[in-house]
Amino acid sequence: MTETPQTRSTDAPTLPGQYQPGEVEQRRYEQWVSAGLFEASADSDRPPYAIVIPPPNVTGSLHVGHALDHTIQDALIRRKRMQGFEALWLPGMDHAGIATQNVVERQLAGQGLSRHDLGREKFVERVWQWKAESGGAILGQMRRLGDSVDWSRERFTMDEGLSRAVQTIFKRLYDEGLIYRAERIINWCPRCLTALSDIEVEHSDDDGELVSIRYGEGDNSIVVATTRAETMLGDTAVAVHPDDERYKHLVGTEVELPLTGRRIPIVADAHVDPAFGTGAVKVTPAHDPNDFEIGQRHSLPNLTIMDERGVITAHGPFEGLDRFEARPAIVDALREQGRIVAEKRPYVHAVGHCSRCKTTVEPRLSLQWFVNTGPLAKAAGDAVRDGRTRIEPAELAKRYFAWVDNMHDWCISRQLWWGHRIPVWYGPQGEVVCVGPDERPPGTEEQGWRQDEDVLDTWFSSALWPFSTLGWPDDTADLRRFYPTSVLVTGYDILFFWVARMMMFGLYALDGRQPFDVVALHGMVRDQFGKKMSKSFGNVVDPLDWIERFGADATRFTLARGANPGSDVPVSEEWCQGSRNFCNKLWNATRFALMNGAHVQGDLPDPAELSTVDRWILSRLRQVVGEVDEQFEAYEFAKVCDTLYHFAWDDVCDWYVELTKPVLAAGGPAADATRRVLGHVLDQLMRLLHPVIPFVTEELWIALNGGGTVVTAAWPVADDALLDPAAETEIAALQKVVTEVRRFRSDQGLKPGQRVAARLGGLAGAGIAAHEPLIRALVRLDPAGADFAATATLAVSAAVTVELDTRGSIDVAAERARLEKDRAAAEKEIAQCRGKLGNAAFVGKAPEAVVNKIKDRLAAAEADLVRVSAALAALPS
RNA sequence: GGGCGCGUAGCUCAGUGGGAGAGCACUCGCCUUACAAGCGAGGGGUCGCAGGUUCGAAACCUGCCGCGCCCACCA
């Protein structure tokens, strides 16, 4: 890429000709932090506005999805801060139990070590080391992004205070019977060697094979269908539906289980679907959740035939085989005995995988801790139903309800070392004691007491985040002031993982007070074709890379500009370049202002003393402030960006700045007034854009104001006194003339610099007579002299005509083609409007405003037709 | 299997009952003294298909086709 700065020697700039973000950003960020601008106070009298950051995992560095998440939060926080709220954005990180442990275990594996080689204590020490490195990198990235977080309140889920919160709520739930220990079938990862909750399991459709196996002999035999033949070693029954006539005579009898010699009963259970397979199900209570339920109902033994690594432990020829080796081996053995009745392969069915390592999950019977989610989930659902918490966009609330209304109990114990250890001690006499945060263990190891080896699911501590970070369980000033937090910003992908659980625990711990008033959900960052980012695809964006090349502002603007509520955000390098260009546009507009002596000085002049052009831009500004406010309140960040982009680029740069040039050049009081308006408009524009692109706006705002900081400058207020419809109409008419003349010049190949003598007619009729000098300046028209010889007459509107002396022949054919196109368009419009107005049903039923609009359109089209026809007739042949 | 959503310009997406839009890409012309990371002008869409409701449908309803996501213990 060759991007050579081009600075003109004729410039005497206050600012360099191009915006260089790198230099500005780091300097400004350090200034903001050292000035304490991001620190919130718990005892100011401003209204509170608080956001707790979704704590990034300490598993690595921030990706572009975090950059999106942070940009949105920072924009919300910065705007509220400017609006005079006591704005707290609380930063922190998550220990991310299984994920982080996996990262460190992989590092160890690189050295040929396992965590067991180090032992629990050393291993945990090692993870803390990793946390320090990774966490440091993350904090650095947040600074580069410009996150206006309160660093004095940074938290980590394994801080002492947060660990106390964990222990406190565990004890409370335990004492109330909402946490219990039970032997259940849970999701087990044979590679991570730990239990997983339902949501840590991803289902995918995998190829398997469905085999039908004959159990027993002759008339008393029964055929079962299964995709998991290897578990037959652990079968303790066969189940059929109670109403299934085919098998009624067999219920209560026993069959011999092949390969084992064991005899197992045939039971009737309503769970069985008679229409599926053979209508008979092998029952393996220790290795299948449904079978476990059946086993419970029929008092069947639970026969475990696999160890924690998925290796067969049942005595016999298959002992020692991995579960995936055992399956074909057992099918082969059964086939040799002639017991395979039918095979169907491939048979596609849903299989669960560990969300961390993708290993196929094994249902496993084991003793684990659970949260009884019933009452908690009910409360979490109700809080959204009754509006205490609002989900944005509202459509996603359906997913939330579907989840909380059907929640299973939550398995919270993990056979890991990195995390909050379960605060339960077991005594020599079988005692079980849950220890509260300020209590001592009930006895020593020497006395035969030992603490539960397991740690808690990482989501247990993150579920407390909105209040543990504010000091709960203590009644702190922060908690009183900032809870409930104002809004939670996160991706829809963790609506269940995290949001629902924060709702459950927040409502429980704080007596029905919701953890946040609003949940604002955004989507995932994708590439420019809407494809998911993945390393194998090579389309992953590193936010730091963009920040270095285009600036943090450009990166943020690119993300915010794609952020429609709840939907995915496509980004590309080209778009980021466009954002960088936008920042540069702002830079140069300000540079122009400063070069012309425009900066912020006192209050605006009275509107009566201002030119139409000045009143027009102020009116536009007023409208933009209103729109942006609405869009911010609706979390429509893409629209905020779009509105401001077009206001800045189209209205301010392309029109207002161009219109001010002749005025400024002329000097005098008019120029003074315009300078003040230009300074004001840019000042307000920087404020409006500051939440999204904080750095460049700070730099330019300071340049315009001669000091201070936009970080705490007041957010613009929509002032109706600035609305000026008359000025807007006038400038629209002016724009039409200018555009039309430019169109002609372009079509005719007239060089942009070439001056043309012209006579403008009908400006007074259009109410823009006063703007004639501006129009002439913008399209380089000179007054017509004595030797004026019109070679083209442009009919710009019904009123306005422009006669041009091009001193040469014009391209008549091109102009005719253009006019005929216009005529066709006008005729079509006329026919359409007349059709409508001739329709009695339309005129009778449509609202009057709509009918009037059609009438106006018809009148305009008719006038257009007259004008175009006249122009056509006037064309030389 | 259940649920949700999407299909509008080459690409990514706004638009949700009354004249088809934006950014990027594309074409043409320009170093016009803020900005070539720029300026001006322009081309391009029977709004997935088929019915229906309505004076009027890109939008509302039904069906179909195509795509995506979430949830799920049918072996």
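Only heavy atoms go into these numbers, but all of them, side chains included; no hydrogens, no water, no symmetry mates. Numbers restart at 1 for each chain; the letters A, B, ... are given by sequence-line order, proteins then strands.
Residue A:Q18 places a side-chain atom within donor-acceptor reach of the base of B:rA37, judged by atom type and a 3.5 Å distance cut-off alone. Interface remark: the A:R580 side chain does form a donor-acceptor pair with the B:rA37 base, using a distance-only criterion of under 3.5 Å.
Nucleotides B:rU46 and B:rG40 have their P atoms positioned 29 Å apart, rounded to a whole Å. Annotation: B:rG63 and B:rC26 have their P atoms spaced 43 Å apart (nearest Å). Comparing B:rU16 with B:rG21, their C1' atoms are spaced 14 Å from each other, to the whole Å. Using atom P as the reference point in both B:rA57 and B:rG18, the two lie 11 Å apart (nearest Å).
Stacking of A:R742 on the aromatic ring of A:W655 is recorded, both the 6.0 Å distance cut-off and the 45° axial limit being met. The cationic group of A:R501 lies under 6.0 Å from the six-membered ring centre of A:W410 and within 45° of the ring axis, placing it in a cation-pi geometry.
Comparing B:rA72, B:rA34, B:rC39 by their nearest atom to the side chain of A:N588 picks out B:rA34. Distance from the side chain of A:N839 is smallest to B:rC55 among B:rA37, B:rA41, B:rC55. You'll find that the side chain of A:N564 is closest to B:rA14, out of B:rA41, B:rA14, B:rC4. Comparing atom distances between the A:Q20 side chain and each of B:rA37, B:rC35, B:rU12 picks out B:rA37 as nearest.
Side-chain polar atoms of A:T643 and A:Q631 form a donor-acceptor pair below 3.5 angstrom.
If you check B:rC26 for Watson-Crick or wobble pairing at under 3.5 angstrom, you find it paired to B:rG42. Both distances falling under 3.5 Å, in either a Watson-Crick or a G-U wobble arrangement, place B:rC64 opposite B:rG48. Pair assignment for B:rC35: none, as no Watson-Crick or G-U wobble contacts are both less than 3.5 Å.
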Q) So A:E815 and A:R743, salt bridge (charged side-chain N to carboxylate O under 4.0 Å, His left out) or not? Walk me through it. A) CA-CA 10 Å; A:E815 190 59 9; A:R743 195 274 307 159; 3.3 Å; yes
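When heavy atoms are screened at a 4.0 angstrom cut-off, A:A225 is found touching base atoms of the nucleic acid. Among the protein residues, A:E658 comes within range of the nucleic acid bases, having at least one heavy atom under 4.0 Å from a base atom.
Close to B:rC39, at under 4.0 Å from its OP1 or OP2, lies a side-chain N or O of A:K585. In this structure, A:K751 reaches the B:rC30 phosphate: one of its side-chain N or O atoms is under 4.0 Å from OP1 or OP2.
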Q | Protein-to-nucleotide contact annotation, 5' to 3' order, nucleotides 17-28 of chain B [B base; S sugar-phosphate only; - none; under 4.0 Å, heavy atom] | A | -BB--SBS----
